[in-house]
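Atom set for the values below is all heavy atoms of this structure, side chains included, hydrogens, waters and symmetry mates excluded.
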Amino acid sequence: MFKGLFDMDRPFWRWLGKIPEMIGLSLCWYICCLPIITIIPACCALFDAVSRNLMMDDKGCFKRFFRSFLRELKQGIPLTLFWLLIAFIAFFGLNIMRQMAEAGGFYATFYLFYLIMLTFMIAYFSWLIALQSRYNQKFIGLHINALRFFFGRLLGSLGMLLTIIVIVFLCLF
(Lines give C-alpha, C1' and ligand atoms only; values in the text may rest on other atoms or scores of the structure.)
Protein backbone atom coordinates (compact mmCIF):
# COMPACT_ATOMS: atom_id res chain seq x y z
CA MET A 1 0.00 0.00 0.00
CA PHE A 2 2.73 2.49 0.93
CA LYS A 3 5.17 1.23 -1.67
CA GLY A 4 4.27 3.92 -4.21
CA LEU A 5 4.00 6.69 -1.61
CA PHE A 6 7.74 7.07 -1.19
CA ASP A 7 8.67 6.50 -4.81
CA MET A 8 11.20 9.25 -5.63
CA ASP A 9 10.06 9.36 -9.27
CA ARG A 10 6.59 10.59 -8.32
CA PRO A 11 5.87 14.22 -9.32
CA PHE A 12 5.53 15.42 -5.72
CA TRP A 13 8.99 14.18 -4.70
CA ARG A 14 10.60 15.52 -7.89
CA TRP A 15 9.03 18.93 -7.19
CA LEU A 16 10.17 18.80 -3.57
CA GLY A 17 13.70 18.04 -4.74
CA LYS A 18 13.72 21.23 -6.81
CA ILE A 19 13.25 23.52 -3.80
CA PRO A 20 16.95 23.47 -2.77
CA GLU A 21 17.90 24.22 -6.38
CA MET A 22 15.50 27.18 -6.47
CA ILE A 23 16.94 28.51 -3.21
CA GLY A 24 20.48 28.07 -4.52
CA LEU A 25 19.64 29.80 -7.80
CA SER A 26 18.05 32.66 -5.88
CA LEU A 27 21.24 33.06 -3.85
CA CYS A 28 23.34 33.01 -7.02
CA TRP A 29 21.05 35.63 -8.55
CA TYR A 30 21.36 37.81 -5.45
CA ILE A 31 25.16 37.59 -5.44
CA CYS A 32 25.34 38.36 -9.16
CA CYS A 33 23.05 41.38 -8.68
CA LEU A 34 25.28 42.94 -6.02
CA PRO A 35 27.22 44.93 -8.59
CA ILE A 36 24.19 46.92 -9.73
CA ILE A 37 25.26 47.03 -13.37
CA THR A 38 24.79 43.25 -13.66
CA ILE A 39 21.11 43.13 -12.70
CA ILE A 40 19.78 42.32 -16.18
CA PRO A 41 22.39 39.61 -16.94
CA ALA A 42 21.61 38.01 -13.56
CA CYS A 43 17.84 38.15 -14.21
CA CYS A 44 18.30 36.66 -17.68
CA ALA A 45 20.49 33.88 -16.30
CA LEU A 46 17.97 33.10 -13.57
CA PHE A 47 15.10 33.02 -16.07
CA ASP A 48 17.09 30.76 -18.38
CA ALA A 49 18.18 28.37 -15.62
CA VAL A 50 14.72 28.10 -14.10
CA SER A 51 12.87 27.70 -17.38
CA ARG A 52 15.29 25.22 -18.90
CA ASN A 53 16.50 23.19 -15.95
CA LEU A 54 13.81 23.26 -13.33
CA MET A 55 10.74 23.30 -15.55
CA MET A 56 12.07 20.89 -18.20
CA ASP A 57 13.83 18.61 -15.69
CA ASP A 58 17.28 19.15 -17.18
CA LYS A 59 20.27 18.71 -14.91
CA GLY A 60 23.02 21.21 -14.15
CA CYS A 61 21.00 24.34 -13.36
CA PHE A 62 23.93 26.12 -11.63
CA LYS A 63 26.25 25.45 -14.55
CA ARG A 64 23.61 26.80 -16.92
CA PHE A 65 23.03 29.85 -14.70
CA PHE A 66 26.68 30.92 -14.73
CA ARG A 67 27.11 30.13 -18.43
CA SER A 68 24.06 32.27 -19.24
CA PHE A 69 25.25 35.02 -16.90
CA LEU A 70 28.61 35.27 -18.63
CA ARG A 71 26.97 35.18 -22.06
CA GLU A 72 24.59 38.02 -21.13
CA LEU A 73 27.22 40.37 -19.69
CA LYS A 74 28.19 41.99 -23.01
CA GLN A 75 24.72 43.24 -23.89
CA GLY A 76 23.26 43.15 -20.39
CA ILE A 77 25.48 45.78 -18.79
CA PRO A 78 24.58 48.59 -21.27
CA LEU A 79 20.94 47.47 -21.07
CA THR A 80 21.06 47.67 -17.28
CA LEU A 81 22.62 51.12 -17.36
CA PHE A 82 19.95 52.32 -19.80
CA TRP A 83 17.09 50.96 -17.69
CA LEU A 84 18.58 52.24 -14.44
CA LEU A 85 18.60 55.71 -16.00
CA ILE A 86 14.98 55.25 -17.13
CA ALA A 87 14.00 54.04 -13.64
CA PHE A 88 15.74 56.99 -11.97
CA ILE A 89 13.97 59.48 -14.24
CA ALA A 90 10.63 57.69 -13.81
CA PHE A 91 10.77 57.60 -10.02
CA PHE A 92 12.09 61.15 -9.81
CA GLY A 93 9.09 62.15 -11.96
CA LEU A 94 6.83 60.10 -9.70
CA ASN A 95 7.93 62.15 -6.71
CA ILE A 96 7.24 65.38 -8.59
CA MET A 97 3.86 64.08 -9.78
CA ARG A 98 2.90 63.04 -6.24
CA GLN A 99 3.66 66.51 -4.93
CA MET A 100 1.63 68.07 -7.73
CA ALA A 101 -1.26 65.64 -7.10
CA GLU A 102 -1.51 66.84 -3.52
CA ALA A 103 -2.73 70.15 -4.98
CA GLY A 104 -5.68 68.23 -6.44
CA GLY A 105 -7.66 68.79 -9.60
CA PHE A 106 -6.22 67.73 -12.95
CA TYR A 107 -2.86 66.79 -11.43
CA ALA A 108 -4.39 63.98 -9.37
CA THR A 109 -5.75 62.38 -12.56
CA PHE A 110 -2.44 62.82 -14.30
CA TYR A 111 -0.66 61.24 -11.31
CA LEU A 112 -2.93 58.18 -11.54
CA PHE A 113 -2.22 57.89 -15.26
CA TYR A 114 1.52 58.16 -14.52
CA LEU A 115 1.27 55.33 -11.95
CA ILE A 116 -0.54 53.12 -14.47
CA MET A 117 2.14 53.80 -17.09
CA LEU A 118 4.89 52.91 -14.59
CA THR A 119 3.22 49.61 -13.76
CA PHE A 120 2.91 48.84 -17.47
CA MET A 121 6.64 49.51 -17.79
CA ILE A 122 7.26 46.78 -15.23
CA ALA A 123 5.33 44.26 -17.33
CA TYR A 124 7.15 45.44 -20.47
CA PHE A 125 10.46 45.03 -18.64
CA SER A 126 9.50 41.45 -17.74
CA TRP A 127 9.06 40.65 -21.44
CA LEU A 128 12.39 42.32 -22.13
CA ILE A 129 14.18 40.04 -19.64
CA ALA A 130 12.46 36.93 -21.00
CA LEU A 131 13.37 37.78 -24.60
CA GLN A 132 16.93 38.74 -23.75
CA SER A 133 17.49 35.43 -21.98
CA ARG A 134 16.22 33.42 -24.95
CA TYR A 135 17.42 35.25 -28.05
CA ASN A 136 20.51 37.17 -29.06
CA GLN A 137 19.07 40.42 -30.41
CA LYS A 138 20.30 43.93 -31.02
CA PHE A 139 19.37 46.68 -28.55
CA ILE A 140 16.60 48.27 -30.63
CA GLY A 141 15.23 44.96 -31.96
CA LEU A 142 14.98 43.62 -28.42
CA HIS A 143 12.89 46.59 -27.31
CA ILE A 144 10.64 46.43 -30.38
CA ASN A 145 10.00 42.71 -29.86
CA ALA A 146 9.31 43.25 -26.15
CA LEU A 147 6.78 45.92 -27.08
CA ARG A 148 5.15 43.55 -29.60
CA PHE A 149 4.89 40.80 -27.00
CA PHE A 150 3.57 43.22 -24.40
CA PHE A 151 0.68 44.39 -26.59
CA GLY A 152 0.23 41.10 -28.46
CA ARG A 153 -0.22 39.21 -25.22
CA LEU A 154 -1.77 41.97 -23.16
CA LEU A 155 -3.79 39.67 -20.88
CA GLY A 156 -0.68 37.62 -20.15
CA SER A 157 1.28 40.82 -19.57
CA LEU A 158 -1.33 42.06 -17.11
CA GLY A 159 -1.34 38.67 -15.38
CA MET A 160 2.44 38.79 -15.13
CA LEU A 161 2.19 42.33 -13.75
CA LEU A 162 -0.39 41.27 -11.17
CA THR A 163 1.86 38.39 -10.10
CA ILE A 164 4.82 40.74 -9.68
CA ILE A 165 2.75 43.22 -7.66
CA VAL A 166 1.46 40.47 -5.36
CA ILE A 167 4.97 39.08 -4.81
CA VAL A 168 6.41 42.53 -4.06
CA PHE A 169 3.51 43.29 -1.73
CA LEU A 170 3.98 39.99 0.12
CA CYS A 171 7.72 40.56 0.43
CA LEU A 172 7.30 44.08 1.77
CA PHE A 173 4.53 43.35 4.21
Legend entry - salt bridge (charged side-chain N to carboxylate O under 4.0 Å, His left out) pairs, two or more places apart, involving residues 26-35: none
Inset, instruction - Determine whether more than 12 heavy atoms belonging to other residues, nucleotides or ligands lie under 6.0 Å from atom OH of Tyr30. - result: no
Legend entry - Side chain to side chain, Val50 and Met22, heavy atoms closer than 4.5 Å: no
Legend entry - Shared hydrophobic cluster, Ile144 / Phe151 (ILVMFWY, side-chain heavy atoms < 4.5 Å): yes
Legend entry - Straight-line distance of Phe69 CZ to Ser133 OG, nearest 0.5 Å: 14.0 Å
Using atom types as modelled, flag every donor-acceptor pair under 3.5 Å from a side chain in residues 87-102 to any protein atom, sequence neighbours excluded.
residue: Asn95; atom: OD1; partner: Arg98; partner atom: NH2; Å: 2.6

Legend entry - Any residue meeting salt bridge (Lys or Arg N to Asp or Glu O under 4.0 Å) with Arg148, in chain and number order, not counting sequence neighbours: none
Inset, instruction - Calculate, to the nearest 0.5 Å, the distance between atoms CZ and CG belonging to Phe113 and Leu118 respectively. - result: 10.5 Å
Inset, instruction - Return the minimal non-hydrogen interatomic distance between Cys28 and Phe66, and the atom names on each side. - result: SG-CZ, 3.7 Å
Inset, instruction - Scan for side chain to side chain donor-acceptor pair (under 3.5 Å) pairs involving residues 67-94, sequence neighbours excluded, and state none if there are none. - result: Asp48-Ser68, Glu72-Gln132, Trp83-His143
Inset, instruction - Take Leu79 and Leu142, measure what side-chain contact (heavy atoms from CB on, under 4.5 Å) needs, and give me the verdict at the end. - result: CA-CA 10 Å; Leu79 200 58; Leu142 175 67; 3.7 Å; yes
Inset, instruction - For Leu85 and Leu81, run side-chain contact (heavy atoms from CB on, under 4.5 Å): C-alpha distance rounded to whole Å, both residues' side-chain angles, the deciding distance at 0.1 Å, then the answer. - result: CA-CA 6 Å; Leu85 178 67; Leu81 292 174; over 6 Å; no
Inset, instruction - May I ask whether Ile129 and Ile77 are part of the same hydrophobic cluster, defined by side-chain heavy atoms of I, L, V, M, F, W, Y residues being less than 4.5 angstrom apart, directly or through others? - result: no
Show me the donor-acceptor pairs within less than 3.5 Å that the side chains of residues 154-168 make with the rest of the protein, sequence neighbours left out.
residue: Ser157; atom: OG; partner: Trp127; partner atom: NE1; Å: 2.6
residue: Ser157; atom: OG; partner: Phe150; partner atom: O; Å: 3.1
residue: Ser157; atom: OG; partner: Arg153; partner atom: O; Å: 3.0
residue: Thr163; atom: OG1; partner: Gly159; partner atom: O; Å: 2.9

Inset, instruction - Decide whether Tyr111 and Met121 are clustered together by the hydrophobic rule: side chain heavy atoms of Ile, Leu, Val, Met, Phe, Trp, Tyr closer than 4.5 Å, transitively. - result: yes
Inset, instruction - Report, as yes or no, whether the 6.0 Å neighbourhood of atom CZ on Phe139 holds more than 12 heavy atoms from other residues, nucleotides or ligands. - result: yes
Inset, instruction - Answer with yes or no whether the hydrophobic clustering places Leu170 together with Leu172; edges join I, L, V, M, F, W, Y residues whose side-chain heavy atoms lie under 4.5 Å apart. - result: no
Inset, instruction - Give the cluster check for Phe47 versus Phe62: same hydrophobic cluster or not, with ILVMFWY residues linked at side-chain heavy-atom distances below 4.5 Å. - result: no
For residues 33-44, please give each side-chain donor-acceptor pair under 3.5 Å, one per line with the distance, not counting sequence neighbours.
residue: Thr38; atom: OG1; partner: Cys32; partner atom: O; Å: 2.4
residue: Thr38; atom: OG1; partner: Pro35; partner atom: O; Å: 2.7

Inset, instruction - Output, in order, the C-alpha distance, side-chain angles, deciding distance and verdict of side-chain contact (heavy atoms from CB on, under 4.5 Å) for Leu131 and Arg134. - result: CA-CA 5 Å; Leu131 289 171; Arg134 290 281 192 220; 5.8 Å; no
